[in-house]
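Have a look at the structure below, then the notes.
All heavy atoms count here, side chains included; hydrogens, waters and symmetry mates do not. These figures come from a predicted structure and were not determined experimentally.
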Amino acid sequence: MKSTARRHSYGVKGAPYAFLIPAAILFALFFALPIGYALWLSFHKVKVSGLGLGSGARKEVWAGLENYTDALTDSELINGALRVLGYGCIVVPVMLGLALLFALMMDSEKVRLAPFTRLAIFLPYAIPGVVAALLWGFLYLPDVSPFYFVLGKLGLPQPDLLDGGPLYLALSNIAVWGGTGFNMIVIYTSLQAIPAEVYEAAKLDGATPAQIALRIKIPMVAPSLVLTFFFSIIATLQVYNEPTTLKPLTNSVSTTWSPLMKVYRDAFGDGDIYGAAAQAVIIACATLLLSFGFLRAANRRQKQEAAR
């Protein structure tokens with residue numbers, strides 16, 4: 001009886017691990033293994049002997065930190081990172097500001113057709129990024145865009161949004177249009193979790209709707225704002241779909257406009273998978289450091305406010 005009970009106890013304790021096995025296998029195959037392989041490639045290179053012809057003329061050898069040194073001194077990669085930084089300075093504040101504004105409006109007692117409005121704001125997020133970039137790309141083209149036709153009929157200026165500085169606004173608009181709905185839902189869900197008694201007490205004290213929003217709602221959804229900001233940073237650093245899709249429509253978008261575009265070109269265009277692997281590792285480390293640093297700063301501030 002004791003042995004049966006012991007086996008039953010072991011079976012109960014081991015049940016959670018059995019459920020984790022499929023997820024662990026998928027994590028290892030499609031996440032850990034590719035990362036490990038990319039790290040391995042980043043420390044190697046191809047050594048060519050003679051003319052590079054014949055068996056054994058091209059050998060894979062240890063490169064050490066050579067690929068990382070080349071990547072960190074590559075002007076194209078640095079310029080791509082600077083472009084993404086400027087792109088992020090536009091996208092993140094505008095997208096989160098609109099998401100917060102829409103969430104506060106949806107949480108208002110006077111809002112009408114709330115379900116339809118929430119769906120309308122969220123719907124662009126359900127459209128794949130490539131499709132969204134194509135749709136906006138044709139709206140940006142002067143020859144086919146109905147907006148340019150209307151501006152021409154009204155005698156108004158017709159700026160080229162796919163050239164020069166306006167290109168940043170054009171790309172940012174696509175990201176803001178697609179990502180605002182998701183962030184709005186996250187913030188709105190947090191607003192719905194605030195007890196109604198808090199609002200009633202504020203109203204009894206004479207607080208206006210604007211004061212309730214600024215002094216109660218926004219501070220109480222701060223964790224959601226931190227979460228959406230965290231996701232937005234990661235998405236900004238990994239921008240690829242929008243500039244790649246718009247590239248055939250304009251000469252202002254190069255094959256190295258963003259760091260990920262350069263990684264793709266080096267790996268599959270130039271065949272330098274070793275250098276591309278090093279660049280990918282650098283981008284992943286930069287994303288991790290920025291995200292971890294932001295989360296630590298946010299947690300430290302929350303602890304300081306809680307201590308007060």
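Considering only heavy atoms from C-beta on, K262 comes within 4.5 Å of D74 through its side chain. For the pair I127/W177, a side-chain contact is recorded, criterion being any heavy-atom separation below 4.5 Å from C-beta on. You'll find the side chain of Y188 stays beyond 4.5 Å of the side chain of F122, heavy atoms only. Residues Q158 and P142 form no side-chain contact, since every pair of their non-hydrogen atoms from C-beta on lies 4.5 Å or further apart. At least one side-chain heavy atom of Y87 sits less than 4.5 Å from a side-chain heavy atom of S172. Between K217 and V221, every side-chain heavy-atom pair lies at or beyond the 4.5 Å cut-off. Side-chain contact check for F147 versus L161: every heavy-atom pair is 4.5 Å or farther apart. With a 4.5 Å cut-off on side-chain heavy atoms, L167 and W257 count as touching.
In terms of hydrophobic clustering, with Ile, Leu, Val, Met, Phe, Trp and Tyr side chains grouped at heavy-atom distances under 4.5 Å, L141 and V253 are assigned to a common cluster. Tracing side-chain contacts under 4.5 Å through hydrophobic residues (I, L, V, M, F, W, Y), one never reaches L98 starting from L214; they form parts of separate clusters. Residue W136 is grouped with residue V131 when hydrophobic side chains (ILVMFWY) are merged at heavy-atom distances under 4.5 angstrom, including chains of intermediate members. Taken together through direct or relayed side-chain contacts under 4.5 Å among Ile, Leu, Val, Met, Phe, Trp and Tyr, V46 and I273 form part of one hydrophobic cluster. Put simply, F102 and L100 are part of two different groups of oily side chains (I, L, V, M, F, W, Y) that touch within less than 4.5 Å, one to the next.
In terms of modelled atom types and a separation under 3.5 Å, the side chain of T73 and the main chain of D70 share a donor-acceptor contact. A donor-acceptor pair is defined here as one N or O able to donate and one able to accept, closer than 3.5 Å; no such pair exists between the side chain of T245 and the backbone of L134. A donor-acceptor distance shorter than 3.5 angstrom exists from the side chain of N67 to the backbone of S42, with no hydrogens or angles considered. Y168 contributes no side-chain N or O that, together with a main-chain N or O of G86, makes up a donor-acceptor pair within less than 3.5 Å. Using a distance-only test at 3.5 Å, with no hydrogens or angles considered, no donor-acceptor pair links the side chain of D205 to the main chain of A207. Without hydrogens or angle criteria, E242 side chain to L171 main chain gives no donor-acceptor distance under 3.5 Å. Of the possible polar contacts, one joining the T250 side chain to the L162 backbone as a donor-acceptor pair under 3.5 Å is found. The closest donor-acceptor contact from the side chain of T228 to the backbone of L225 lies under 3.5 Å.
Ring orientation note: the planes of F268 and Y264 are tilted relative to one another, at an angle of 30° to 60°. The aromatic rings of F229 and F294 sit tilted, their planes meeting at an angle between 30° and 60°.
No donor-acceptor contact under 3.5 angstrom links the side chains of Y240 and S258, judged on distance only. Between S252 and D163, the side chains place a donor N or O and an acceptor N or O closer than 3.5 Å (distance only, hydrogens not considered).
Nearest heavy-atom pair, G88 versus P93, reported as atom, atom and distance to 0.1 Å: O-CD, 3.6 Å. A pairwise comparison of heavy atoms in S254 and K247 identifies C-CE, 4.1 Å as the closest pair.
The side chain to side chain donor-acceptor pair (under 3.5 Å) pairs that include a residue from residues 267-280 are E60-Y274, D266-Q279, where partners are two or more places apart or lie in different chains.
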Subject >> Check against ring-ring contact (aromatic ring centres under 6.0 Å, His included), F43 and Y68 >> reply: CA-CA 8 Å; F43 289 106; Y68 289 95; 5.3 Å; yes
Could you list the donor-acceptor pairs under 3.5 angstrom formed by side chains in residues 178-186, with sequence neighbours left out?
from, atom 1, to, atom 2, distance (Å)
T180, OG1, V176, O, 2.6
N183, ND2, G179, O, 3.0

